[in-house]
Each structure stands twice: as C-alpha cells, then as structure tokens.
Amino acid sequence: MKVLFTKNNLDTEIISEKIGDHFSYDFVEVIEIKPLSVPHFDLKDSSLIFTSVNAVESFFQNGFLPNEDFTSKNFNKIYCVGQKTKKRIRDYGFGTFKVKKHARELCDFIIEHSGKERFLHFCGNLALDVLDKALPLQNISYRKIFMYETTLLYPKIEKNYDAVVFFSPSGVRSFIKHNNLENKKIFSIGLTTSEEIEKHTDSKIITSKEISLDDVLKLISKEAEKQNKN
C-alpha cells in the first residue's frame, strides 16, 4: 500500500515501526503555519482554551504565563483539546483542568459545568467556529485570540497513492483543491477533520478516536491486514 501523509516532519521511525515494511509512504505539506506577535495583556479572571499545539507554542513564545496558583483570585484554569496539546502545555510546566478529544466535547462540558467563567480561546485564524458559535448563545463570555496564521498551500500531487492521511480540516481544504479522493482509502485524525472530508467525498473515511499519529497508524496497519486477508 502506498500512503501519502499530508504533513511533513513526522517521525519516520515510528511510522516504520507501526506499519512495517509492507508500505511505502511519502509526505506533502499542505499548510504553512506562521506564529503571530501578540501584544501582552493580563489574563486575570479568565479561563484559557487551547485547541492546537501551535497555539500553545505561540502563546508561550509571546511571553504569556498562566497563573497556576489555585488559591489566587486570578487563577487561570486551562482547558484543551487533544493529548498532544495537553502534553505541550505540560512541557512548559503547566497543568490542565480539563482535556477533551474534540472541540465539540469541550464545548458541551463548558456549557454544562463552567458557564460562569470567562474564556479566552488561543487558536489560529482558521480555527473551527464550534466554540464561538455555541458559547455566546449560552451567555458565556468568550473571545478568540489568534496566535498563528494558517496558509493553505494547495499542492498538486502527481503520483498515485492507495491511501491519504489527513490531520486537520484546513489540510483537507488545501489538498482537495487540486486533487481528488477517488479510489483511495482515507484516514483522518479526529472527527472534525472527518467532517470536512465528508464535504468532498462519499467514500468511506477511517477516523482515529484519539487525535494522535500513533492511533491513525494502528488503523492503517489494521486496514492493510484486512486487505491482505481478502
């Protein structure tokens, strides 16, 4: 099986270990991330939301520091989406109050349990509007702060591949402009990415439950085993 990963800088050792020698694979970058310079402001009285690793990186590179002293009046709770985002926050020495697999799950949790808090959502310019559509309707204070810009690169793929792996909705939109998904197995990290793919094809989409490379590699390997049996 020939697999195209729509992302560069993936760990080739992990890929080879997880999917074995029965695959060939290539990488293509479909989006470009540019961190933004954001003027510093006080985070007091706010809970913080991070829905991507890129937002975490830019947040700390811009010199923001959450207040982790839960006895303080200005304590910042940190909410995030995905284990990779949680890990990156921990790498900077901070903990998380609540982690959910998807933005929609996080949105539901906030509405049910945290409606009195004031939220600052640190994200990219193409972030999905799940939170900003739902939270204000529930009279929950919510504001987006763009920490990075995502540019769609719209590559044209000349080679033929048996499978394509997608990592974000913006990556799907970039890929689909000059390429199609006919006669390809489609793998997706997370429900929000799959929802974007569904707009462009009726083909089956194999979606990982966890937003992680490891989980999607297991799915690729499992799908190849099924194919070999047939």
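Separating the CD1 atom in Ile78 from the CG atom in Leu120 is a distance of 11.5 Å, to the nearest 0.5 Å. Here the straight-line distance linking atom NZ of Lys199 with atom CZ of Arg173 works out to 6.5 Å at 0.5 Å rounding. From Lys218, atom NZ reaches atom CG of Leu213 across 11.0 Å, with rounding to the nearest 0.5 Å. To the nearest 0.5 Å, atoms NZ (Lys34) and OG (Ser37) are separated by 10.0 Å. Summarising the geometry, atom SG belonging to Cys80 is positioned 10.5 Å from atom CZ belonging to Arg90; distances are rounded to the nearest 0.5 Å. To the nearest 0.5 Å, the span separating CD1 on Ile220 from CE on Met1 amounts to 8.0 Å.
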>> Working note: Ile145 + Phe64, criterion side-chain contact (heavy atoms from CB on, under 4.5 Å); need CA distance, chi angles, decisive distance, verdict.
In response: CA-CA 12 Å; Ile145 296 96; Phe64 289 99; 6.0 Å; no
>> Evaluate Arg88 against Asp91 for salt bridge (charged side-chain N to carboxylate O under 4.0 Å, His left out), listing each step before the verdict.
In response: CA-CA 5 Å; Arg88 201 70 194 104; Asp91 288 344; 2.9 Å; yes
> Which is it for Val56 and Phe60 under the side-chain contact (heavy atoms from CB on, under 4.5 Å) test, yes or no, and what are the steps along the way?
Replying inline: CA-CA 6 Å; Val56 176; Phe60 286 105; 3.8 Å; yes
>> With ring-ring contact (aromatic ring centres under 6.0 Å, His included) as the criterion, how do Phe119 and Tyr142 come out once you've worked through the C-alpha distance, each side chain's angles and the decisive distance to 0.1 Å?
In response: CA-CA 5 Å; Phe119 288 92; Tyr142 169 87; 7.7 Å; no
>> Checking Asn62 against Ser58 for the side chain to side chain donor-acceptor pair (under 3.5 Å) test, could you report, in this order, the C-alpha distance in whole Å, the side-chain angles of both residues, the deciding distance, and whether it holds?
In response: CA-CA 6 Å; Asn62 273 282; Ser58 185; 3.2 Å; yes
> Which is it for Phe122 and Val38 under the side-chain contact (heavy atoms from CB on, under 4.5 Å) test, yes or no, and what are the steps along the way?
Replying inline: CA-CA 11 Å; Phe122 297 93; Val38 180; over 6 Å; no
>> Before you tell me yes or no, could you show the steps for His121 and Asp132 under side-chain contact (heavy atoms from CB on, under 4.5 Å), namely the whole-Å CA-CA distance, both residues' side-chain angles and the distance that decides it to 0.1 Å?
In response: CA-CA 9 Å; His121 179 191; Asp132 55 340; over 6 Å; no
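Side chain of Thr96 to backbone of Lys98: no donor-acceptor contact under 3.5 angstrom is found. Without hydrogens or angle criteria, Glu68 side chain to Gly95 main chain gives a donor-acceptor distance under 3.5 Å. Judged purely by atom type and a 3.5 angstrom limit, Asn179 uses its side chain to pair as donor or acceptor with the backbone of Ile157. Ser188 places a side-chain N or O within donor-acceptor distance of the main-chain N or O of Ser194, the cut-off being under 3.5 Å. A distance-only check finds no donor-acceptor pair linking the side chain of Asn76 to the backbone of Leu48 [under 3.5 Å].
For NZ of Lys84, the number of neighbouring non-hydrogen atoms (other residues, nucleotides, ligands) closer than 6.0 Å is 12 at most. Heavy atoms of other residues, nucleotides or ligands lying less than 6.0 angstrom from CG of Asn183 number 12 at most. Enclosure of atom CG in Asn9 is not indicated, since only 12 or fewer non-hydrogen atoms of other residues, nucleotides or ligands lie within 6.0 angstrom. Phe70 CZ: 12 or fewer foreign heavy atoms inside a 6.0 Å radius. Counting non-hydrogen atoms of neighbouring residues, nucleotides and ligands closer than 6.0 angstrom, the NZ atom of Lys87 reaches no more than 12 such neighbours. For Asp202, the CG atom sits in a loose shell: 12 or fewer heavy atoms of surrounding residues, nucleotides or ligands are nearer than 6.0 Å.
For the residue pair Pro35 and Tyr148, the shortest heavy atom distance occurs at CA-CB, 3.9 Å. Closest non-hydrogen pair, Thr6 versus Phe175, comes out as CG2-CD1, 4.0 Å. In terms of heavy-atom proximity, Tyr25 sits nearest to Ser16 at OH-OG, 2.8 Å. Summarising the geometry of Val99 relative to Gly82, their closest heavy-atom pair is CG1-O, 3.8 Å, with the distance given to 0.1 Å. Between Tyr79 and Ser114, the closest heavy-atom pair is OH-OG, 2.9 Å. Lys144 and Leu128 make their closest contact through NZ-O, 3.8 Å (heavy atoms, listed as atom of the first residue, atom of the second, distance).
Under the 4.5 Å side-chain heavy-atom criterion for ILVMFWY residues, no single connected hydrophobic cluster contains both Val165 and Tyr161. Following chains of ILVMFWY side-chain contacts shorter than 4.5 Å, one cannot reach Leu219 starting from Ile186, and the two form parts of different hydrophobic clusters. Under a hydrophobic-cluster definition in which Ile, Leu, Val, Met, Phe, Trp and Tyr are linked whenever side-chain heavy atoms come within less than 4.5 Å, directly or via other members, Ile197 and Ile176 are assigned to the same cluster. Residues Ile49 and Phe146 do not share a hydrophobic cluster, defined by chaining ILVMFWY side chains whose heavy atoms lie under 4.5 Å apart. Under a hydrophobic-cluster definition in which Ile, Leu, Val, Met, Phe, Trp and Tyr are linked whenever side-chain heavy atoms come within less than 4.5 Å, directly or via other members, Leu36 and Val53 are assigned to different clusters.
With sequence neighbours excluded, the residues that form a salt bridge (Lys or Arg N to Asp or Glu O under 4.0 Å) with Asp26 are Lys159.
A 4.5 Å side-chain heavy-atom check between Lys185 and Asp162 finds every atom pair outside the cut-off. For the pair Thr51 and Thr85, the minimum side-chain heavy-atom distance is 4.5 Å or more. Within the 4.5 Å cutoff, side-chain heavy atoms of Leu181 are placed close to those of Phe166. A 4.5 Å side-chain heavy-atom check between Pro155 and Ser174 finds at least one atom pair inside the cut-off. At least one side-chain heavy atom of Leu126 sits less than 4.5 Å from a side-chain heavy atom of Leu152. Counting only heavy atoms from C-beta outward, the side chains of Ile206 and Phe187 approach each other to under 4.5 Å. Within the 4.5 Å cutoff, the side chain of Asn160 has no heavy atoms near those of the Lys2 side chain. Proximity of Tyr92 to Phe59: side-chain heavy atoms (C-beta onward) are nowhere separated by under 4.5 Å.
Applying the side chain to side chain donor-acceptor pair (under 3.5 Å) rule to pairs touching residues 40-50 yields Ser47-Glu117, sequence neighbours excluded.
At a cut-off of 3.5 Å, with distance as the only test, no side-chain donor of His102 or Thr192 sits close to an acceptor on the other residue. Using a 3.5 Å distance cut-off with no hydrogens or angles, the side chains of Thr150 and Ser170 do not pair a donor with an acceptor.
Remark: Asp214 engages Lys18 in a salt bridge, criterion side-chain N to carboxylate O under 4.0 Å.
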